[in-house]
A.B. asks: 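Dumping the structure here so I can ask a few things about it.
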Amino acid sequence: EVQLVESGGGLVQAGGSLGLSCTASGFTFAAHAIGWYRQAPGKEREGVAYISNSDGSTYYADSVKGRFTISSDNAKRTVYLQMNSLKPEDTAVYYCARTEGIVAIPPKILAPEQYDYWGQGTQVTVSS
């Protein structure tokens, strides 16, 4: 059974940092890429970062570029999202998801239709 489990969410002040983890099981980790998404109340789901577990390539949404860093540890089957310089507008439930194929097809790297399994999400709250 494919499973993605997020952890590391919490409450942080604006300007602070938080790290999220996404631990995968039930599939060949290197055969799929992982994306991080977020959804705030009343807003659409937004893709924020992507990493290919086959070649390590990454991609970021403009809204987080320079502040968030995605990385992967294939041995631990875990993808990380380090979030720095957090803003109140970063408040959301954060999800990780697995690509259906080995990589996401450009140009829409973070298009949700390219992802077939999703985690349950972890809440990130940034106070002002």
A.B. asks: With heavy-atom distances below 4.5 Å as the criterion, would you say the side chains of V64 and W36 are in contact?
C.D. replies: no

A.B. asks: So do the side chains of Q13 and V126 get within less than 4.5 Å of each other, counting heavy atoms only?
C.D. replies: no

A.B. asks: Assert yes or no for the condition that the ring centre distance of Y115 to Y37 is strictly below 6.0 Å.
C.D. replies: yes

A.B. asks: Check whether any side-chain heavy atom of F68 sits under 4.5 Å from a side-chain heavy atom of L81, and report yes or no.
C.D. replies: yes

A.B. asks: Within 45 degrees of the axis of the six-membered ring of F27 and under 6.0 Å from its centre: does R77 put its NZ or CZ there?
C.D. replies: yes

A.B. asks: Is there a side-chain contact between Y117 and H32 (heavy atoms, below 4.5 Å)?
C.D. replies: no

A.B. asks: Looking at side-chain heavy atoms only, is the closest gap between Y50 and T58 below 4.5 Å?
C.D. replies: no

A.B. asks: Considering only heavy atoms from C-beta outward, does the side chain of I105 approach that of Q114 to under 4.5 Å?
C.D. replies: yes

A.B. asks: Examine R45 relative to Y95 and say whether NZ or CZ is less than 6.0 Å from the centre of the six-membered ring and inside a 45° cone about the ring axis.
C.D. replies: no

A.B. asks: Determine whether more than 12 heavy atoms belonging to other residues, nucleotides or ligands lie under 6.0 Å from atom CD of Q39.
C.D. replies: yes

A.B. asks: Would you please test S17 and M83 for side chain to side chain contact (heavy atoms under 4.5 Å, CB included) and show each step?
C.D. replies: CA-CA 5 Å; S17 298; M83 305 182 294; over 6 Å; no

A.B. asks: Thinking salt bridges, do D62 and K65 make one under a 4.0 Å N-O criterion?
C.D. replies: yes

A.B. asks: Do the side chains of F29 and V79 get nearer than 4.5 Å, heavy atoms only?
C.D. replies: yes

A.B. asks: From the options T91, L86, T125, D90, select the one residue that forms a side-chain contact (heavy atoms from CB on, under 4.5 Å) with V12.
C.D. replies: L86

